[in-house]
Amino acid sequence: QVQLVESGGGLVQAGGSLRLSCTASGRTFSSDAMAWFRQAPGKEREFAALIIGNTGTTSYADSVKGRFIISRDNARNTVYLRMNSLKPEDAAVYYCAAKVYSGNYYYATAYNYWGQGTQVTVSS
């Protein structure tokens, strides 16, 4: 059974930092794209960042570019999201996802495996 488990969420003041982790089990995703999406209350799930397995290429939503860093440790089958200079509008449930088939990297519907999400709350 494939599982993605996120951790690292919590409450942080505006301007602070958090590091989210997503550890996979049941299969290896080292050659696949892994991404972080987020969903705030009353809003649709939106793309935040992705990293492509074979090349290590990264891409970010404009809203987080320059503040968030996605990375992966294939030996640990883990993807990280370092979030710096957090803003109240970054508050959301953050989901880790893995895409193993073709599809647009920036659409949630292209991802085949999802974690349960981890809550990030940013106080102003």
Side-chain angles (χ1 to χ4, degrees):
Q1 181 182 359
V2 176
Q3 281 191 312
L4 300 179
V5 179
E6 302 100 333
S7 61
L11 172 63
V12 64
Q13 287 189 329
S17 298
L18 282 175
R19 189 181 80 158
L20 307 183
S21 300
C22 170
T23 299
S25 61
R27 67 164 285 166
T28 300
F29 293 101
S30 57
S31 61
D32 300 309
M34 301 286 292
W36 290 93
F37 286 76
R38 65 186 186 181
Q39 188 167 17
K43 296 188 176 181
E44 293 188 354
R45 191 169 298 188
E46 66 174 10
F47 166 78
L50 70 88
I51 184 165
I52 298 174
N54 288 331
T55 65
T57 301
T58 59
S59 182
Y60 300 91
D62 287 343
S63 58
V64 308
K65 198 174 295 183
R67 299 186 298 120
F68 289 12
I69 300 171
I70 188 170
S71 61
R72 66 194 301 165
D73 182 341
N74 287 335
R76 290 182 167 82
N77 219 14
T78 298
V79 176
Y80 304 98
L81 186 67
R82 176 70 178 183
M83 305 186 295
N84 300 316
S85 303
L86 282 161
K87 305 175 182 179
E89 52 263 42
D90 293 318
V93 177
Y94 282 71
Y95 296 91
C96 172
K99 187 176 82 67
V100 301
Y101 301 116
S102 62
N104 191 301
Y105 287 115
Y106 302 100
Y107 292 161
T109 52
Y111 287 77
N112 311 101
Y113 299 100
W114 290 86
Q116 81 289 350
T118 185
Q119 177 72 51
V120 171
T121 303
V122 184
S123 63
S124 57

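Computed from a predicted structure; not experimentally measured. Heavy-atom basis, side chains included; hydrogens, waters and symmetry copies ignored.
With rounding to the nearest 0.5 Å, the separation of CG in L86 from CZ in F68 is 5.0 Å. The OG atom of S25 lies 8.0 Å from the CD atom of Q1; values are rounded to the nearest 0.5 Å.
One hydrophobic cluster holds both F47 and V93 under the rule that ILVMFWY side chains link at heavy-atom gaps under 4.5 Å. Follow the hydrophobic side-chain contacts under 4.5 Å out from V2 and you reach Y101 in the same cluster. Residues I69 and V120 are members of one and the same hydrophobic cluster, defined by side-chain heavy-atom contacts under 4.5 angstrom among Ile, Leu, Val, Met, Phe, Trp and Tyr.
Under the rule for a side-chain contact (heavy atoms from CB on, under 4.5 Å), the partners of T58 that lie at least two apart in sequence or sit in another chain are I51, Y60, I70. Contacts of T57 classified as side chain to side chain donor-acceptor pair (under 3.5 Å), with partners at least two apart in sequence or in another chain: T55. With sequence neighbours excluded, the residues forming a side-chain contact (heavy atoms from CB on, under 4.5 Å) with N104 are Y106, Y107, listed by chain and number.
Shortest non-hydrogen contact noted between P88 and V122 is N-CG1, 3.7 Å. W114 approaches A108 most closely through the heavy-atom pair CZ2-O, 3.3 Å.
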Indicate every side-chain donor-acceptor pair of residues 31-40 with a distance under 3.5 Å to a residue at least two apart or in another chain.
residue : atom : partner : partner atom : Å
D32     : OD2  : R27     : NH2          : 3.1
R38     : NE   : E46     : OE2          : 2.7
R38     : NH1  : D90     : OD1          : 2.9
R38     : NH1  : Y94     : OH           : 2.9
R38     : NH2  : E46     : OE2          : 3.2
R38     : NH2  : S63     : OG           : 3.3
Q39     : OE1  : R45     : NE           : 3.3
Q39     : OE1  : R45     : NH2          : 3.4
Q39     : NE2  : K43     : O            : 3.1

Please list every donor-acceptor pair under 3.5 Å in which a side-chain atom of residues 4-23 meets a protein atom from a residue at least two apart or in another chain.
residue : atom : partner : partner atom : Å
E6      : OE1  : Q116    : N            : 3.0
E6      : OE1  : Q116    : NE2          : 3.4
E6      : OE1  : G117    : N            : 2.9
E6      : OE2  : C96     : N            : 2.8
E6      : OE2  : G117    : N            : 3.2
S17     : OG   : N84     : OD1          : 3.0
T23     : OG1  : T78     : OG1          : 3.0

Inset, instruction - Quick one: do Y111 and Y95 satisfy ring-ring contact (aromatic ring centres under 6.0 Å, His included)? Show the steps, please. - result: CA-CA 11 Å; Y111 287 77; Y95 296 91; over 10 Å; no
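Judged as a salt bridge (Lys or Arg N to Asp or Glu O under 4.0 Å), not a single pair has a partner in residues 109-124 (not counting sequence neighbours).
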